[in-house]
Amino acid sequence: MDNYLNNKSRKRGWIIAIVVVIGLAVIVLGGYLVWDSIRTEDKKIQAKGKIEVEVEKPPELPRMANQPPKTKTPEPITPAYAPDAPLLEQVREAMRKGIDPDGALAMAKSLPDKPERADAAFILLEYAAEAENGEAALEVGRYFDPTFAGDSGTIVKDPEHAYDWYRLALSQGVLEADIHLSNLKQWVTKQAAEGSYKSRELLKNWK
């Protein structure tokens with residue numbers, strides 16, 4: 001009798017356990033189906049919103065066949081040279097095209113004798129001198145040299161600049177620069193004696 005009751009009790013326990021497991025499985029499965037249904041509905045709503053946005057955007061109308069295409073009007077370029085200075089125009093054009101330092105020196109020498117020649121030549125000579133062309137450096141030094149009587153165009157005389165360019169020319173083997181340095185030193189010494197502060201400072205650093 002006791003064995004029968006024990007067996008019956010165990011069977012009931014198993015039935016209850018199975019029912020609980022099945023119940024939990026049903027709850028989990030039901031929750032997943034509800035969550036999946038909500039997620040699917042959200043995707044449909046988002047997709048519908050995108051379609052509505054794309055539909056609301058008005059399509060671009062094709063241009064008329066007989067209407068010329070739109071072109072952006074280029075802004076007028078202001079020339080950097082005076083209209084009445086053709087030599088400067090030629091020089092700046094050569095610089096834009098990438099003339100090399102030796103070519104710049106040659107072009108400076110070949111410019112015709114016109115009022116704007118000095119300024120036009122200076123642009124070419126300074127460019128070549130900055131590339132450590134000794135001959136060009138000598139010519140640029142003359143532009144700044146107060147003892148040089150040649151045409152310097154609109155370049156203001158400055159003994160310090162003249163000294164620097166002559167020194168560069170001398171370092172590149174242009175011995176003529178030593179003569180100009182000697183003449184310049186005599187001028188600077190005289191100016192220093194007359195009270196020129198800049199001349200005295202230049203003499204202090206003279207090599």
Compare all side-chain heavy atoms of [X] with those of [Y] and state whether any distance is below 4.5 angstrom.
{"X": "Asn183", "Y": "Ile179", "answer": "yes"}
{"X": "Ser199", "Y": "Leu202", "answer": "no"}
{"X": "Glu132", "Y": "Pro101", "answer": "no"}

[X] to [Y] - nearest heavy-atom pair and separation:
{"X": "Trp206", "Y": "Lys185", "answer": "CZ2-CB, 3.5 Å"}
{"X": "Leu168", "Y": "Ser171", "answer": "O-OG, 2.6 Å"}
{"X": "Leu184", "Y": "Ala162", "answer": "CD2-CB, 4.0 Å"}
{"X": "Met107", "Y": "Ala94", "answer": "SD-CB, 3.8 Å"}

Going from [atom1] on [X] to [atom2] on [Y], what distance comes out if it is rounded to the nearest 0.5 angstrom?
{"X": "Tyr143", "Y": "Asp151", "atom1": "OH", "atom2": "CG", "answer": "7.0 Å"}
{"X": "Tyr127", "Y": "Asp100", "atom1": "OH", "atom2": "CG", "answer": "6.5 Å"}
{"X": "Ile99", "Y": "Glu93", "atom1": "CD1", "atom2": "CD", "answer": "11.0 Å"}
{"X": "Gln172", "Y": "Arg167", "atom1": "CD", "atom2": "CZ", "answer": "12.0 Å"}
{"X": "Met95", "Y": "Leu124", "atom1": "CE", "atom2": "CG", "answer": "6.5 Å"}
{"X": "Leu170", "Y": "Leu138", "atom1": "CG", "atom2": "CG", "answer": "10.0 Å"}

Inset, instruction - Start with the C-alpha distance between Glu201 and Lys204, add both sets of side-chain angles, then the distance that settles salt bridge (charged side-chain N to carboxylate O under 4.0 Å, His left out), and finish with yes or no. - result: CA-CA 5 Å; Glu201 290 298 308; Lys204 286 181 183 179; 3.2 Å; yes
Legend entry - Same cluster (ILVMFWY, side-chain, under 4.5 Å), Leu88 and Leu111: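 Yes; tracing contacts between hydrophobic side chains, which count when under 4.5 Å, links both residues.
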Legend entry - Distance-only side-chain donor-acceptor flag, Tyr166 / Asp145, under 3.5 Å: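 Their side chains do contain a donor-acceptor pair, which is all the 3.5 Å distance test asks for.
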Legend entry - Whether His161 and Phe144 hold their rings parallel, tilted or perpendicular, with breakpoints at 30° and 60°: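 Aromatic pair His161/Phe144 classed perpendicular.
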